[in-house]
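Dumping the structure here so I can ask a few things about it.
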Amino acid sequence: MSADFRPKSDFLATLIERGFVHQCSDYEGLDAKAKAGELIAYIGFDCTASSLHVGSLLPIMMLHWLQKTGGKPVPLMGGGTTRVGDPSGKDESRKMLTIEQIDANKDGIKQVFSKFLTFGPGKTDAIMPDNAEWLTALNYIEFLREVGRHFSVNRMLSMDSVKMRLERDQELSFIEFNYMCLQAYDFVELNKRYGCILQMGGSDQWGNIVTGIDLGRRMGTPQLYALTAPLLTTSSGAKMGKTAAGAVWLNADMLPVYDYWQYWRNTEDADVGRFLRLFTVMPMDEIRRLEQLGGAEINEAKKILATEATALVHGREAAAQASETARKTFEEGITADTLPSVMIPAAELAAGVGVLSAFVRAGLVASTGEARRQVKGGGLRVNDVAVSDERASLSTAQLVDGVIKLSMGKKKHVLLRSE
């Protein structure tokens, strides 16, 4: 983007101001389409798990702002491409899923989109097609003749997703090698069916997206466009959406709302302003005010970030409850009933449960090895008392009002309940 580019469309102006834009194939051309109200754009979501995680929020928010600024968003379900597996950013092949697993995952990840988008038959209402509709119906020979002939193997080998595997001597299967062909074909098919002219995604998808633009040109589509967002890491270099206990899922049945709120509350100081821009819909004037806070006041900005980000995914009421639970837990020093809970059979607890495995079952640590390291550093507590013996067991003797409170650090708590 040249320094003198000034977007005329609300769409690009909003995305640039909030920090969503990394690269674009044609800023001026895309801006004109958006200004004219002719922008239909898609982002693909493969069905590799039963929930999306925080790492998928950036593209979801891009679709949200597209709709808010007068465009039509198309979240594309990857029921077909999931059967192949995207090699981008991976050192090894993805696990091959059954059709039943893919369909179940698709049902799970669909849930979150209604929180961010309005669906319906209107001009700017979102639609959610599935690329299995056309990919599973392809005839292989026909696809090779009509589509495959437009791809250069030389260029495919130069793509980052392929080069990374080859340079590291990691196997790249033939089925994965074909992924970029299918993604490119999706772009052409979506243009033909729905008039999509823009594909958005993370910066690691740039090569695949521009391959789709090139295929569209060769197959006679109107001009297509690419727009990518930066791949996000925290200020300390950690990947977004991952914690020691696992992925930060968007579905409440995969991660309690309180834990989701706490994830945002634990944001590093240097990231608060950036995350307010990207992961909330707060007005920019208010975000700029919060960005100026320093010292202890930054914690208030973190609480606002946590509540606003949680409200988008889980609703305002659930976000407020999570905030109140945190206040009671940390400010009043009491055990709030709304903390995340893990059930354990009464007979098992009576017999004794190893303290390390209890923290693993609670999801506070990923393994007993991690729990052991936390014990040595004084990071684990049972009923607010530090764990000093890694061989200790929990039993009914530790129950207080029917629960055992497990804590890692000052901000992560889970209640162990007997059933």
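Every heavy atom of this structure was used, including side-chain atoms; hydrogens, water molecules and symmetry mates were not.
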Legend entry - NZ/K33: more than 12 non-hydrogen atoms of other groups inside 6.0 Å: no
Inset, instruction - Please determine if E17 and R288 form a salt bridge, counting it only when a charged side-chain N lies under 4.0 Å from a carboxylate O. - result: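 Yes.
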Inset, instruction - Flag the pair D259 and K412 as a salt bridge only when some basic side-chain nitrogen lies within less than 4.0 angstrom of an acidic carboxylate oxygen. - result: no
Legend entry - Residues E308, R316: salt bridge by 4.0 Å N-O rule: yes
Legend entry - Near-ring test F113/F119, centroid separation under 6.0 angstrom: no
Inset, instruction - Kindly indicate, with the supporting measurements, whether the criterion ring pair (Phe, Tyr, Trp, His ring centres under 6.0 Å) is fulfilled by F279 and W264. - result: CA-CA 10 Å; F279 301 117; W264 294 106; 5.0 Å; yes
Legend entry - Cationic N near anionic O, under 4.0 Å, K106 to D130: yes
Legend entry - Pairing of D10 and K68 as salt bridge, 4.0 angstrom limit: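 No, no charged N to carboxylate O under 4.0 Å.
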Legend entry - Salt bridge flag under 4.0 Å for residues R289 and D285: no
Inset, instruction - May I ask you to say whether K302 pairs ionically with E297, meaning some side-chain N is under 4.0 Å from a carboxylate O? - result: no
Inset, instruction - Go through the steps for K376 and E390 under the test salt bridge (charged side-chain N to carboxylate O under 4.0 Å, His left out), then give the verdict. - result: CA-CA 9 Å; K376 290 177 180 177; E390 64 185 47; 5.2 Å; no
Inset, instruction - Kindly give the heavy-atom pair with the smallest separation between H413 and Y258, and that separation in Å. - result: CD2-OH, 4.0 Å
Inset, instruction - Answer yes or no: is there an ion pair linking E291 with R274, defined by an N-O contact shorter than 4.0 Å? - result: no
